[in-house]
Amino acid sequence: MVKETDTQIILQAKDFCYELDKRTGLFSQMQFAGRNYLNHPMELNIWRAPTDNDRYLKEEWKKAHYDEAYTKAYQIEMLQDKHGVLLVEHAAVVAASVQKILDVEITWKIEGNGKISSFIHVTKDEEFPDLPRFGVRMFLNENLETVSYFGMGPQESYRDKHQGSSHGYYRSNVNLMHEDYIRPQENGSHFDCEYAEVANTQFGIIVVSDQPFSFQASKYTQEELERAAHNYELVESDSTVLCIDYALNGIGSNSCGPVVLDKYRFKDTAFRFQFELVLFVKE
């Protein structure tokens with residue numbers, strides 16, 4: 001069953017109820033088997049907490065207002081058939097006082113069993129600097145704390161920082177995935193993943209893709225990591241913050257050597273990102 005209001009598209013079936021915000025083209029609520037999965041609306045995410053190595057690069061990013069960017073939907077077309085619902089959207093990532101940063105086409109496919117497939121096509125304005133990242137940020141129920149993934153681990157890994165990692169299946173806890181740098185900064189992402197799961201003993205969510213992705217599960221938002229000057233000042237979020245990323249810019253920069261090597265830059269101006277979300281309960 002599909003309902004529509006001025007601001008929401010509500011998709012409801014026996015096991016799930018999803019609400020999509022027509023102003024952003026992104027999900028604002030997800031309920032599955034009676035459990036609430038989202039504490040706050042989903043976001044398209046292009047910002048990350050700057051690292052010590054970003055001391056110069058972050059000034060370019062802030063001039064571009066990447067840290068203030070948000071998603072705006074212009075058009076949403078809804079198609080239904082016996083297999084589910086397609087939401088075909090034209091949206092953009094924008095910020096005040098600058099031209100549109102990204103032009104985005106999003107297709108959400110919602111199947112009768114609750115599985116969500118995402119197909120995102122992005123075109124970046126070439127006048128803007130390299131992006132810090134691109135992905136989807138979800139503010140999950142804080143009780144989802146056990147993490148499993150198939151990718152580079154067990155320590156944090158990035159496109160230019162993974163030689164000490166190995167590709168395999170790993171399990172951890174959200175708290176243990178945080179790298180406790182004295183000066184809080186971007187940390188805890190895992191590179192080249194095919195599968196990630198965040199769960200507890202009762203329910204959870206799976207991210208899977210044929211296209212390698214990076215993911216990050218944390219008790220801290222990127223805003224909090226940037227705000228705090230020392231690790232003891234950090235304040236936990238009310239959510240498990242899950243970032244599903246197409247890519248992140250390399251961690252190294254010219255604060256301690258040359259700029260990021262060309263092969264580690266996130267310099268793409270047109271790209272596609274595809275993944276699936278599977279919500280589940282344990283019997």
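Note that the structure is predicted; figures quoted are calculated from it, not measured. The chain is numbered in sequence order, starting from 1.
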Non-hydrogen atoms of [X] and [Y] that approach each other most closely:
{"X": "Phe280", "Y": "Ile205", "result": "CE2-N, 3.5 Å"}
{"X": "Met42", "Y": "Leu277", "result": "CE-CD1, 4.3 Å"}
{"X": "Phe32", "Y": "Asn113", "result": "CE1-O, 3.6 Å"}
{"X": "Ser214", "Y": "Asp192", "result": "OG-N, 4.3 Å"}

* List in chain and number order the residues that pass ring pair (Phe, Tyr, Trp, His ring centres under 6.0 Å) with Phe139, two or more places apart in sequence or in another chain; answer none if no residue qualifies. => His40

Side-chain touch [X]/[Y], heavy atoms, less than 4.5 angstrom:
{"X": "Arg171", "Y": "Thr146", "value": "yes"}
{"X": "Glu111", "Y": "Glu276", "value": "no"}
{"X": "Asn200", "Y": "Asn141", "value": "no"}
{"X": "Arg23", "Y": "Thr7", "value": "yes"}
{"X": "Asp160", "Y": "Leu261", "value": "no"}
{"X": "Cys243", "Y": "Asn45", "value": "yes"}
{"X": "His190", "Y": "Met152", "value": "no"}
{"X": "Phe16", "Y": "Ile110", "value": "yes"}

[X], [atom1]: over 12 other non-hydrogen atoms inside 6.0 angstrom:
{"X": "Lys72", "atom1": "NZ", "value": "no"}
{"X": "Asp210", "atom1": "CG", "value": "no"}
{"X": "Lys263", "atom1": "NZ", "value": "no"}
{"X": "Glu126", "atom1": "CD", "value": "no"}
{"X": "Lys100", "atom1": "NZ", "value": "yes"}

* Members besides Val235 in its Ile/Leu/Val/Met/Phe/Trp/Tyr cluster (side-chain heavy atoms under 4.5 Å) -> none

* Please check if Ile46 and Phe191 belong to a single hydrophobic cluster, counting links between Ile, Leu, Val, Met, Phe, Trp and Tyr side chain heavy atoms closer than 4.5 Å. => no

* Among the clusters formed by ILVMFWY side chains lying less than 4.5 Å apart, do Ile10 and Tyr37 turn up in the same one? -> no

* Asked: Is it true that the side chains of Asp103 and His90 contain a donor and an acceptor less than 3.5 Å apart?
  -> yes

* To do: For the pair Phe213 and Phe215, name the ring-plane relationship: parallel under 30°, tilted 30 to 60°, perpendicular over 60°.
  => perpendicular

* **Point-to-point distance, once rounded to the nearest 0.5 Å, from CE of Met30 to CG of Leu140** => 9.0 Å

* Spacing of CG belonging to Leu131 relative to CD1 belonging to Ile101, to within rounding of 0.5 Å -> 8.0 Å

* To do: Please determine which of Phe266, Tyr66, Tyr246, Phe271 meets the ring-ring contact (aromatic ring centres under 6.0 Å, His included) test together with Phe134.
  => Phe271

Any Lys/Arg nitrogen of [X] or [Y] sitting under 4.0 Å from an Asp/Glu carboxylate oxygen of the other?
{"X": "Lys219", "Y": "Glu145", "result": "yes"}
{"X": "Arg48", "Y": "Asp245", "result": "no"}
{"X": "Glu224", "Y": "Arg227", "result": "yes"}
{"X": "Lys58", "Y": "Asp67", "result": "no"}
{"X": "Lys62", "Y": "Glu226", "result": "yes"}

